[in-house]
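The structure under discussion appears below in the form of structure tokens.
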Amino acid sequence: MKIATWNVNSLKVRLPHVLDWLAAHQPDALCLQELKCENKGFPLAEIEAAGYHAVFNGQKTYNGVAILTKEPLADVVYDIPGFADEQKRIIAGTLDGVRIVCGYFPNGQAVGSEKFAYKMAWLEALTGWLKSELQSTPKLVLAGDYNVAPEDRDAHPDWKDEIHVSVPERDAFKALIALGLTDAFRLFEQPERSFSWWDYRLMAFRRNFGLRIDHLLISAPLVDKCSACYTDKEPRKLERPSDHTPVVIELA
DNA sequence: ATGTCGAAACATTTTCGA
């Protein structure tokens, strides 16, 4: 089973890239973030024409998540149960016994800001919910844009902002790991300075001035089954790219 | 210019968020 995650920064703008990528890579599931479109504007016909089912949780202008799958998902959940939130950041479903959770984690803006407090509260709610999800579905993949670079090697050494690399954010990431999850990317040898996001400004992609903030965490029963995890930088080189690249895992 | 991008609206330019 091949599962990928990709923050597309507007599904409307990026739809041609997404359709091309689906055709070329044939993932069993593709988790998308930052749709920036309402459910009524979701391009379902185009995605179905490409041979995919879709579940989606969108809103106007901001946020929005979806999971595209070759086979239909079961037990779909929208938003974190019990966490009151206007922002559409979570969708989950089960595919062949694997619980796939797709998340667009809050950005947080700046350490200490109101948005940072929201980010931390959201992360705590997510962690609490996943604890119970793991009890009912031990095979689980948490895919998405975490907006956290978990270790120093996941950020360009010249990254000066605290946001995405601060201690509280990294502690929240560790709390997810402590649920029994593993960062699939680090199961394998990776090139130095492997990132998944580069700012549009300052020629950041060309300079490889980026962060690794898009992740696939997998639960213990999936670790031995995981045969590969990699980023695909090709879409970042296209005209009008998303600022994020897809990250992929392959499960035997 | 915090040097780009995408969306929205008191809209052909400005604002907000990222």
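All values below were derived from every heavy atom in this structure, side-chain atoms included, with hydrogens, water molecules and symmetry-related copies excluded. All chains are named by letter (A, B, ...) in the order of the sequence lines, taking the proteins before the strands, and each is independently numbered beginning at 1.
- Distance noted for atom P between B/dA1 and B/dA18: 24 Å (whole Å).
- Across the C1' atoms, B/dC16 and B/dC10 are found 16 Å apart, a figure rounded to whole Å.
- Of the side-chain N and O atoms in A/Ser10, one or more sit less than 4.0 angstrom from OP1 or OP2 of B/dA7.
- If you check every strand for non-hydrogen atoms under 4.0 Å, A/Tyr104 touches sugar and phosphate atoms only.
- Atom OH of A/Tyr200 and atom P of B/dC16 are 21 Å apart (whole Å).
- Neither OP1 nor OP2 of B/dG6 sits under 4.0 Å from any side-chain N or O of A/Lys60.
- The C1' atoms of B/dA7 and B/dT12 are separated by 16 Å, rounded to the nearest whole Å.
- To the nearest angstrom, P of B/dC5 lies 11 Å from CG of A/Asn9.
- Rounded to an integer number of Å, the gap from CG of A/Leu211 to C1' of B/dA18 is 12 Å.
- Between the side chain of A/Glu169 and the backbone N or O of A/His164 there is at least one donor-acceptor pair closer than 3.5 Å.
- Per the geometry, CZ belonging to A/Phe105 stands 19 Å off C1' belonging to B/dG17, to the nearest Å.
- Comparing the P positions of B/dG6 and B/dA11 gives a spacing of 23 Å, expressed to the nearest Å.
- For A/Tyr62, whose side chain is taken as the heavy atoms from C-beta onward, the closest listed nucleotide among B/dG3, B/dG17, B/dA7 is B/dG17.
- Contact between the side-chain N/O atoms of A/Lys115 and the OP1/OP2 oxygens of B/dG17 is found at a separation under 4.0 Å.
- Between A/Leu202 and A/Gln87, the residue anchored nearer the 5' end of DNA chain B, judged by the nucleotide with its closest heavy atom, is A/Leu202.
- For the pair A/Arg201 and B/dT2, the criterion of a side-chain N or O lying under 4.0 Å from OP1 or OP2 is not met.
- Side-chain atoms of A/Arg89 come within 3.5 Å of backbone N or O of A/Tyr104 as a donor-acceptor pair.
- To the nearest angstrom, C1' of B/dG17 lies 16 Å from CG of A/Leu35.
- The CG atom of A/Asn63 sits 10 Å away from the C1' atom of B/dG17 (whole-angstrom rounding).
- Ring pair A/Trp21/A/His25 is parallel by interplanar angle, where below 30° counts as parallel and above 60° as perpendicular.
- Rounded to whole Å, atom C1' of B/dA7 lies 14 Å from atom CG of A/Leu11.
- Base pairing annotation: B/dG6 forms a Watson-Crick or G-U wobble pair with B/dC16, both donor-acceptor distances under 3.5 Å.
- Side-chain N/O atoms of A/Arg14 include one lying less than 4.0 angstrom from OP1 or OP2 on B/dG6.
- Comparing A/Val13 and A/Glu34, the nucleotide of DNA chain B nearest to each residue sits closer to the 5' end for A/Val13.
- Within the 3.5 Å criterion, the main-chain N or O of A/Asn107 finds a donor-acceptor partner in the side chain of A/Lys119.
- One can place NZ of A/Lys119 at 10 Å from P of B/dA18, the figure rounded to the nearest angstrom.
- Without hydrogens or angle criteria, A/Gln33 side chain to A/Asn7 main chain gives a donor-acceptor distance under 3.5 Å.
- For A/Phe173 and A/His215, the distance between ring centers is under 6.0 angstrom.
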